[in-house]
Amino acid sequence: MILSALILTPLVGALLISVWPQKIESDQIRKGALITLGVNLVMTTALVAQFDITDSGFQFLEKIAWIEPLGLTYSLGVDGIALPLIVINSLLCFVSVYISHGVRRPRLYYSLLLLITSAVAGAFLAQNLLLFFLFYELELIPLYLLIAIWGGERRGYAATKFLIYTAFSGILILGAFLGLVLLSGTGSFDYDPSLAQTLSVVQQTVLMGVLLIGFGIKIPLFPFHTWLPDAHVEASTPLSVLLAGVLLKLGTYGMLRFCVGLFPQAWMELSPLLAWWAVVSVLYGSLAAIAQTDMKKMVAYSSVGHMGYILLAAAAITPLSILGTVLQMVSHGLISALMFLLVGVVYKKTGTRDLTILRGLMAPERGLPFIGSLMVLGAMASAGIPGMIGFISEFIVFRGSFESQAPQTLFCMLGSGLTSVYFLLMINRVFFGRLDAAPDGTGGTIEVTLPKVSWRDRVPAMTLVLIIFAFGLQPAWLTRWMESTTNSFVPNYTNYANNPGRLVGRGSNDAVIAELLPLNQPLDMPITVLPTH
């Protein structure tokens, strides 16, 4: 029942905070939320400790009949793809509450953060399509309210835009799930990789396409990304940490779990086009980031580019690229959370994020040398400098993708170079330069010497930096939990779509034939067997 406990603990915490009969102070509510998420973090650690890394399937399975006529069951499970995302969710939700101070309406604020923690964990653990959809939709309303109530000046516009985009995303996902179950005639929404294999290639392609657009909005991929910069700019720092670090991963996880997992044949048929879509997202996101003068918008557009790497690796669908897909999710979650956290500290101390105003913050006289140093490290990690997790994740993505999508991989590699360009622009403008008092854009000036950054702001950033270095120097500490699942996630008939008239599989003839038989594929064609790696 540990999986249910990961969902229910923050949910119970949210209910207790919201209905507690006595008047309690904001700081007490925050401590209550931290204790709740601390318990969740301990349970997550226990889950990791008990996880069998040699088992490629789902573990800790829980299944309870719920609304059987609808095909809805309470089915949970965790494998090597969901496990690291559960850890990221627990960690970054704790960080988001830790860095929240003095908020208005604290009962509602912390209850919504805990509700998001619960919903996201449920989505990563759900083994029923309808259950996944329910958890996926459950996190929308808290996120909308957190932007609309605690956001910036244009919070209403940003929150409404976010809600419209993501609600439409949910409609597409639900429509694809309903279509899949109705056409397959099973009547059950339980996750089953063979569920779509009785459908024709055309039916699979249409359903997979609808599903991909739904998750493409959430990821977000170009041209469905426009809600993201507005949401980040208007969101508070804790919410930006959560949005970039965790919530975007619902889209990439859904794409991998459902688009690739349920429709591998249709996915491979379209894989070259999907890889070119990744190229457009990477280059557009990177070039748009270069053009920004708002630090938060720059980091937000960098996310659009880095999400393109995940699509590229998924489109390549080799064992190494699928491993890179999950690793890039974790890497982006940690690095983007760090960058938004540091941008939040700069904004709190200076009152602006404008690159045309900020300068010289690295100088000791100015007051932010430590934050500037961490920002440099974060930028280096995002740009894929060796020694940090950003390097190993991008290396595995490119190495695994080059095997089947060589031209697209080469174009995407340009994105790493562009990442260096826009973060160098930001570092040079914000942390170096003259120390004169500068206008803040509202008629005032920024103080030459800024207030000292407290340990309360430093500790979470330092923790993230240590994790980024740890996994960068010893990636096996992370990849060993994923490899068994990601290796089994790639079907044996990889490269089938790129070799008309010939079946090209992995493993052995028997393995290829065994996988193709349920798909009613012709077996009278020559079979070329490739090594598993």
Side-chain angles (χ1 to χ4, degrees), residues 1-14 33-64 73-98 113-128 131-132 135-136 138-139 191 242 245-247 249-250 252-254 256-257 261 323 325-327 329-331 333-334 337 389 463-464 466-467 470-471 474-489:
M1 297 298 286
I2 190 170
L3 302 188
S4 291
L6 288 172
I7 299 170
L8 293 176
T9 301
L11 189 61
V12 171
L34 277 177
I35 291 170
T36 304
L37 292 176
V39 171
N40 223 41
L41 207 50
V42 170
M43 289 192 297
T44 304
T45 307
L47 177 70
V48 172
Q50 298 174 49
F51 189 83
D52 182 359
I53 61 173
T54 63
D55 187 348
S56 63
F58 291 102
Q59 303 177 38
F60 306 96
L61 293 171
E62 300 174 20
K63 186 170 184 178
I64 302 172
T73 58
Y74 179 78
S75 305
L76 304 179
V78 63
D79 63 359
I81 295 175
L83 182 69
L85 299 177
I86 288 292
V87 176
I88 287 285
N89 181 47
S90 296
L91 174 66
L92 294 185
C93 287
F94 185 88
V95 169
S96 295
V97 171
Y98 182 85
L113 281 181
L114 290 173
L115 188 56
I116 288 178
T117 309
S118 176
V120 172
F124 287 143
L125 295 173
Q127 294 301 298
N128 180 280
L131 189 64
F132 170 84
F135 282 122
Y136 182 89
L138 184 61
E139 51 85 25
Y191 179 78
L242 210 53
V246 177
L247 296 169
K249 307 305 172 294
L250 283 175
T252 51
Y253 172 81
L256 186 60
R257 176 72 74 199
L323 175 64
T325 301
V326 185
L327 198 56
M329 288 188 216
V330 177
S331 167
L334 293 170
I389 191 174
T463 304
L464 292 175
L466 288 176
I467 297 173
F471 288 142
Q474 188 51 267
W477 289 347
L478 184 58
T479 56
R480 64 197 292 262
W481 304 96
M482 312 170 186
E483 280 181 310
S484 181
T485 302
T486 54
N487 285 341
S488 68
F489 206 74

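Side-chain N or O atoms of Glu139 include none that pairs as donor or acceptor with a backbone N or O of Leu247 at under 3.5 Å. Panel note: side chain Thr73, backbone Ile64; no donor-acceptor pair is recorded below 3.5 Å. A donor-acceptor distance shorter than 3.5 angstrom exists from the side chain of Thr252 to the backbone of Lys249, with no hydrogens or angles considered. A donor-acceptor pair under 3.5 Å is absent between the side-chain atoms of Asn40 and the main chain of Met43, judged by distance alone. Thr9 contributes a side-chain N or O that, together with a main-chain N or O of Ala5, makes up a donor-acceptor pair within less than 3.5 Å. In this structure, Thr117 contributes its side chain and Leu113 its backbone to a donor-acceptor pair below 3.5 Å.
The shortest non-hydrogen separation linking Leu114 to Gly13 is CD1-C, 3.7 Å. Heavy atoms only, all atoms of each residue included: Ser75 and Lys63 are closest at OG-CG, 3.5 Å.
The CG atom of Asn89 sits 6.0 Å away from the CZ atom of Phe124 when rounded to the nearest 0.5 Å. Expressed to the nearest 0.5 Å, how far CG of Leu250 lies from CZ of Phe132 amounts to 6.0 Å. A distance of 8.0 Å separates CG of Asp79 from CZ of Phe489, quoted to the nearest 0.5 Å. In this structure, OG on Ser484 lies 8.5 Å from CD1 on Ile53, to the nearest 0.5 angstrom.
A side-chain contact (heavy atoms from CB on, under 4.5 Å) with Leu92 holds for exactly one of Val120, Val97, Val246; it is Val246.
Contact check for Tyr191 versus Phe58: side-chain heavy atoms found under the 4.5 Å cut-off.
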